[in-house]
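These numbers were taken from a predicted model, which means no experiment stands behind them. Read the numbers this way: they start at 1 and go in the same order the structure lists the ligands and their atoms.
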Amino acid sequence: MTQDDVLDEFRAASALLEGHFVLSSGLHSSVFLQKMFVFQDPARTERLCRALAAKIEERFGTVDVVVSPAVGGIVPGYETARHLGAKAIFVERENGVFQLRRGFAIPEGARVVMVEDIVTTGLSSRECLASLAEHPGTVLGAACLIDRSGGRAELPVPLVALATLDIPNHAPDALPPDLAAIPAVKPGSRALKA
Ligand SMILES: O=P(O)(O)OC[C@H]1O[C@H](OP(=O)(O)OP(=O)(O)O)[C@H](O)[C@@H]1O
Ligand SMILES: O=C(O)c1cc(=O)[nH]c(=O)[nH]1
Ligand SMILES: [Mg+2]
């Protein structure tokens, strides 16, 4: 699957949104990849995650456990794990901090890969990886459907992306005038209150 094929899947799912978005990192952008529009179509999700699994296997070899950060990572983590023949588990926020909950465990000696949906600054990926530090297993690397950092996101492990884009982000106090003129929406789940 080429980078254009990946973007075509997002376009066909109407998942390439334009407007004014507050991202998980607190940065603002005029572009948002609404991955949930992709994941609501299981066949589309299968095509993407089958290709991601092939890329993961090529780079990291066999994988025993896929760990994903909730909420966005759960569906692609599960589907990618299915193609890898691996177990799929996820971390979720407890008092804002990613944790393995629900009795999820990583066996001793397991070969682990983290699967994210979208990487923007890499903050969520770093938090997810940090949450695994005290658990057994070896984290071989990370993977995502789209890295929108232009390859600049810094992770403590190698990152494999199905597509790499370079989409501008803006600090809240340095918005371009055309963006400042539009009300902002925050689509993600970080810091979502009950
Ligand atoms: O690389 P980053 O700057 O961390 O941005 C990418 C993260 O943002 C989104 O999650 P979000 O926290 O918005 O919640 P979601 O998973 O529920 O969509 C996305 O799923 C990634 O986890
Ligand atoms: O950085 C984010 O929060 C983010 C960007 C994006 O394009 N899509 C998404 O789901 N999250
Ligand atoms: Mg997320």
Side-chain angles (χ1 to χ4, degrees), residues 3 6-41 44-45 48-49 52 66-81 88-101 113-132 139 141-172 174-175 179 182 184-194:
Q3 171 135 325
V6 177
L7 290 183
D8 283 347
E9 293 285 9
F10 272 71
R11 269 190 214 103
S14 302
L16 282 180
L17 308 184
E18 289 187 20
H20 182 181
F21 305 97
V22 182
L23 306 178
S24 181
S25 54
L27 296 174
H28 291 229
S29 181
S30 64
V31 177
F32 191 78
L33 303 162
Q34 183 43 282
K35 70 277 178 139
M36 294 305 179
F37 289 175
V38 171
F39 302 152
Q40 67 187 342
D41 181 338
R44 195 186 304 289
T45 306
L48 288 163
C49 292
L52 187 62
V66 167
V67 182
S68 296
V71 175
I74 295 177
V75 172
Y78 170 87
E79 184 60 16
T80 304
I89 61 178
F90 56 86
V91 295
E92 57 197 306
R93 294 191 190 278
E94 198 170 64
N95 300 319
V97 180
F98 279 136
Q99 310 272 2
L100 277 180
R101 299 182 63 247
V113 167
M114 188 206 70
V115 170
E116 252 286 24
D117 45 0
I118 310 288
V119 168
T120 301
T121 64
L123 177 63
S124 305
S125 298
R126 288 190 297 273
E127 290 174 339
C128 175
L129 291 163
S131 76
L132 303 180
V139 181
C144 65
L145 294 175
I146 297 187
D147 171 8
R148 48 174 287 172
S149 81
R152 288 188 297 275
E154 289 186 9
L155 302 190
V157 293
L159 173 67
V160 164
L162 212 45
T164 302
L165 307 177
D166 195 353
I167 303 177
N169 307 313
H170 310 279
L175 298 182
L179 207 55
I182 313 170
V185 294
K186 186 173 187 305
S189 71
R190 183 194 285 266
L192 212 56
K193 300 278 190 313

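Atoms of ligand 2 lying under 4.0 Å from any heavy atom of K35, numbered from 1 in the order shown and given with element: 9 (C), 10 (O). Atoms of ligand 2 found under 4.0 Å from any heavy atom of L23, numbered from 1 in the order shown, are 1 (O), 2 (C), 3 (O), 5 (C). Listed by number with element, the atoms of ligand 2 under 4.0 angstrom from any heavy atom of T120 are 1 (O), 2 (C), 4 (C), 5 (C). Counting the atoms of ligand 1 from 1 in the order shown, those under 4.0 Å from a heavy atom of G122 are 1 (O), 2 (P), 3 (O). The S25 neighbourhood of ligand 1 comprises atoms 3 (O), with distances under 4.0 Å to a heavy atom of that residue. Applying the 4.0 Å criterion to heavy atoms of L123 picks out, from ligand 1, the atoms 1 (O), 2 (P), 4 (O).
In terms of polar-atom proximity, V119 is not counted as a contact of ligand 1, lacking any N or O under 3.5 Å from an N or O of the ligand. The shortest N/O to N/O separation between G72 and ligand 1 falls below 3.5 Å. Considering backbone and side-chain N/O of D117, none are found under 3.5 Å from N/O of ligand 2.
For atom 17 (O) of ligand 1, the closest non-hydrogen atom on the protein side is S189 OG, 2.5 Å. In terms of protein heavy-atom proximity, atom 3 (O) of ligand 2 is nearest to S24 N, 2.8 Å. For atom 22 (O) of ligand 1, the nearest protein heavy atom (residue, atom name, distance) is E116 OE2, 2.6 Å. In terms of protein heavy-atom proximity, atom 11 (N) of ligand 2 is nearest to F32 CE1, 3.4 Å. The protein heavy-atom contact nearest to atom 8 (N) of ligand 2 is L33 O, 2.9 Å. For atom 12 (O) of ligand 1, the nearest protein heavy atom (residue, atom name, distance) is S24 OG, 2.7 Å. Scanning the protein for heavy atoms near atom 7 (C) of ligand 1, the closest one is S124 OG, 3.5 Å.
Here L23 contributes atom CG and T120 contributes atom OG1; the two are 5.5 Å apart, rounded to the nearest 0.5 Å. Once rounded to the nearest 0.5 Å, the distance linking OG1 of T164 with CG of L159 reads 7.5 Å. One distance of note links CG of L16 with CZ of R11; it measures 6.0 Å at 0.5 Å rounding. Going from atom CD of E154 over to atom OG1 of T121 covers 11.0 Å, rounded to the nearest 0.5 Å. One distance of note links CG of L52 with OG1 of T45; it measures 12.0 Å at 0.5 Å rounding. We find the CE-CG distance between M36 and D117 to be 6.5 Å, quoted to the nearest 0.5 Å.
In this structure, S125 falls outside the shell of residues with a heavy atom less than 4.0 angstrom from ligand 1. Using 4.0 Å as the threshold, I118 has a heavy atom nearer than that to some atom of ligand 1.
No side-chain heavy atom of V67 sits under 4.5 Å from any side-chain heavy atom of F90. The shortest distance between side-chain heavy atoms of F37 and L17 falls below 4.5 Å. Side-chain atoms of R93 and S131, non-hydrogen and from C-beta on, never get closer than 4.5 Å to each other. Between L145 and V38 the shortest side-chain heavy-atom distance does not fall below 4.5 Å. Residues H170 and L179 have side chains in contact (heavy-atom distance under 4.5 Å, counting atoms from C-beta outward). Residues P69 and E127 form no side-chain contact, since every pair of their non-hydrogen atoms from C-beta on lies 4.5 Å or further apart.
No side-chain donor-acceptor contact under 3.5 Å links S24 to the backbone of S189.
Residue T121 holds the heavy atom nearest to atom 3 (O) of ligand 1 of all those in L33, T121, D117, V71. The heavy atom nearest to atom 9 (C) of ligand 1, considering only K35, E127, R126, is found in K35. The nearest non-hydrogen atom to atom 5 (C) of ligand 2, considering only R190, M36, R148, comes from R148.
Residue-level proximity to ligand 2 for Q34 is absent, since no heavy atom of it falls below 4.0 angstrom.
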